[in-house]
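Beneath this line is the structure, given in structure tokens, with notes to follow.
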Amino acid sequence: MKQNLIIIGAGMATGRALETLLDADPDGWNVTLFNAEPRGNYNRIMLSPVLAGDKTYAEIETHSTQWYAQNGVTCRFGEKVAAIDRAAKTVTAQNGDVLRYDKLMLGTGSTPFMIPLPGHDLEGVIAYRDLEDTQRMMDLGPQNKCVVIGGGLLGLEAAAGMAARGVDVTVVHIMGHLMERQLDEAAGYLLRRALVDKGITVKCSANSKEILGVDGHVRALLLDDGTELPCDLLVMAVGIRPNVTLAQEAGLAVGRGIHVDDQMVTSDADVLAVGECVEHNGAVFGLVAPLYDQAKVAARTLLGEADAFKQKELSTKLKVTGCDLFSAGDFADGEGREDIVFRDPARGVYRRLVIENSAIIGAVMYGDTGDSNWFFGLIRDKTDITDMRDTLIFGPAYQGGTPQDPLAAVAALPRDAEICGCNGICKGQIEDAIAAGAGDLAAIKATTKASASCGTCTGLVEQVLAVTLGDDFVLPAAASICACTDMTHEDVRRMIKSQKLMSMPAVWQECGWKTSCGCHVCRPALNFYLLADWPLDYADDPQSRFINERKHANIQKDGTFSVVPRMWGGITTPDELRAIADAADKFAVPTVKVTGGQRIDLLGVKGEDLPAIWADLNAAGMVSGHAYSKGLRTVKTCVGTDHCRFGTQDSTGLGIKLEKTLWGHGRHIS
Amino acid sequence: MSDWIDIAALSDIPRRGARVVKTHLGCVAVFRTGADDVFALNNACPHKGGPLSEGIVHGNAVTCPLHNWVISLETGQAQGADEGQVATYPAQVKEGRILLDKSVLVSRTPA
């Protein structure tokens, strides 16, 4: 006999609970899932990458329509629940339907807190909570201005996402520095500097007074010092409140959130609650890791298994490209607490550890967060750090005298070391998945969910794979450009842009090249990157180009060259053909060949004849076909409507247009 | 007895570039490094005879344009895993002019 389970809210917590429940007991439940948003469950923490354009909605959807259908879940998306009658064990939908439940799970989430400033109800004042809000922000462009109230995690992700779209963004924050709940003042300063570099205006210690409107639409934010900040959209990201209305009306015990015990059961034994709407031992929750823990416990409770939710230390990472930031634990100053601080403002690196009773109780890292998991482990396990205090701040690589192989550090982690914070996956679970046959990152993601949410632990998961599988696993390490450097192409490109490196010596210096002037592999790449990024400031270096590009011809095995004039879309004329024939005669070209790309190749031209043969071909109106370029070489065409019996479109004309639009050295096709 | 002949101005060769001196006994490639040192070598890679003068010069080495063998300009030795030797010739820069030793050039065997 199946039991009726009604779930209110299709969020990340109830989604995980449902998965766990149906995995263990696929046939025991008739599930009905209500959701106020007109869609199923998606990875809400990835809205910021969607806003920034790094991901699409399709990539962050966690449960598709097919998943719900396959698992027999009745979906009522876009529908709210009007009331719960606990005595009759029914819920009433907005449209009046009354549904019976055996068990009810509340996942009503939270509501963004809107500061009741005058004008907060104007059109164009939004929160940052769901896909609709994200879409409003994505609709803005370089012609728009936006004000974000709130310099916390969410507000800054919103601001950075819009700034990436070219929007003129101002962040207004009431406290003295950004992210004051996660960062101390020094790290807040570095973060602020990084955001200002992204073109975001940051106003701290700023009090909002009134939202000004025109014709019912937001026009500007007025601060209490009289400053007016014009805007087309105003985003309030000042915090969330558990959404308890429905539970309260149903007479459940409610404080800040819906009261639950360790089994996620509310004051009614048949009603459970999970996620941001709950209050457990006086705490409410906003990060995803504890929500997933709650979801697992709730599912076990429904299955009649014993489990208990325990609150754990939490860490935070900011998902803004180029701002690596990590904080965990308690980092307030206090009696009996000591600081260890590492500061390198030029590199934008800051680390602070707060020590109490010879253990780390808090950590703030900015700029280089590679060791954050190690520090987080020390906090969670309350490890005595007395013996490593001298070198503690430098991270695990400097413990024990010699720098440690990063793989050795991962190998040394205990089985219960947490690898994926979002999903609460420990090293042991990944090892078990590998033992059960998962051999690569995708398989680990699919079987354990490790690295499937925010993705910041991807590198660690790969290292666990490498350690466990040994030689069977080839770490897809980012290969460096060449032996002159340890940096990848991407690293170097980022440095060229961010550090405004405009010459090759500047790159060699700032990126720590190991050779005096590069090699045949890196120099052509650097020459191209510098030209691409600084076309006006950087002068092309012919000595860093391969011989073909210097001579506009292809070097052959005997040191002679081949010359290929361009024929736009494969169209030529008798005059052009005559000029090619004359050139072949004049320079005693031994081989004339039609290429696979609809052009004519003159093979065996001597290097010293190249300027003269090109002068003749140029005079006849022909330019190089770039048969050596890592760019557009040729566009092959059929004749199309001009001649073909079956032609339906002007394919030759299109080919010529494509070739004329895309040819040239600067526009490489990657 | 060396017999230095003036072949060109240093500035006739671009930095990290090369030029070729044609002789009856084959071509000699003259290289100018980023540090303005000058080297003269046979213009033929020991691998497949590629024209070294057309290669990319880096440090005191040149990469053959045919198959990327890297040849030391100082010793003429192929670098890394490749094995081979290119003949080298005395060269010097005096008052901005590049000088090659004619006596060595004429006494060599054809490349």
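Naming convention: chains lettered A, B, ... in sequence-line order (proteins, then strands); numbering from 1 in each chain.
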Donor-acceptor under 3.5 Å (R545(A) side chain, I56(B) main chain):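 Flag not set: sc R545(A) to bb I56(B) has no pair under 3.5 Å.
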N-O pairing of R550(A) and E54(B) below 4.0 Å: no
Considering all heavy atoms, the nearest R16(B)-Q543(A) contact: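 Looks like O-OE1, 2.9 Å.
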Approximate separation, where rounding is to 0.5 Å, of F546(A) CZ and T63(B) OG1: 10.0 Å
Pairwise distance CD1(I547(A)) to SG(C64(B)) - rounded to 0.5 angstrom: 11.0 Å
Residue part contacting chain B, namely of P542(A), when any heavy atom lies under 4.5 Å: neither
Residues in residues 506-518 of chain A near chain B [non-hydrogen atoms, under 4.5 Å]: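 If one takes a 4.5 Å heavy-atom cut-off, the residues of residues 506-518 of chain A near chain B are W508(A), S516(A), C517(A), G518(A).
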Residues in residues 614-625 of chain A that sit under 4.5 Å from chain B, counting heavy atoms only: none
Pairs of heavy atoms under 4.5 Å with chain B: top-ranked of G559(A), G607(A), C519(A):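 Heavy-atom pairs under 4.5 Å are most numerous for C519(A).
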Heavy-atom proximity to chain A below 4.5 Å, by part of P65(B):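 The answer is both parts of P65(B).
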Ring pair (Phe, Tyr, Trp, His ring centres under 6.0 Å) partners of H47(B), counting only residues at least two apart: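 Counting only residues at least two positions away or on another chain, H47(B) forms a ring pair (Phe, Tyr, Trp, His ring centres under 6.0 Å) with H67(B), W69(B).
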Greater than 12 external heavy atoms within 6.0 Å of E83(B)'s CD: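 Not more than 12 within 6.0 Å, no.
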Neighbourhood of chain A inside residues 5-15 of chain B, taking heavy atoms under 4.5 Å as contact: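 Under the 4.5 Å heavy-atom cut-off, P14(B), R15(B) qualify.
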H520(A) vs V70(B) side-chain heavy atoms within contact, under 4.5 Å: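 Yes - at least one pair of side-chain heavy atoms lies under 4.5 Å apart.
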Close side-chain approach of K557(A) to K48(B), heavy-atom, < 4.5 Å: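 Counting from C-beta outward, K557(A) and K48(B) never come under 4.5 Å.
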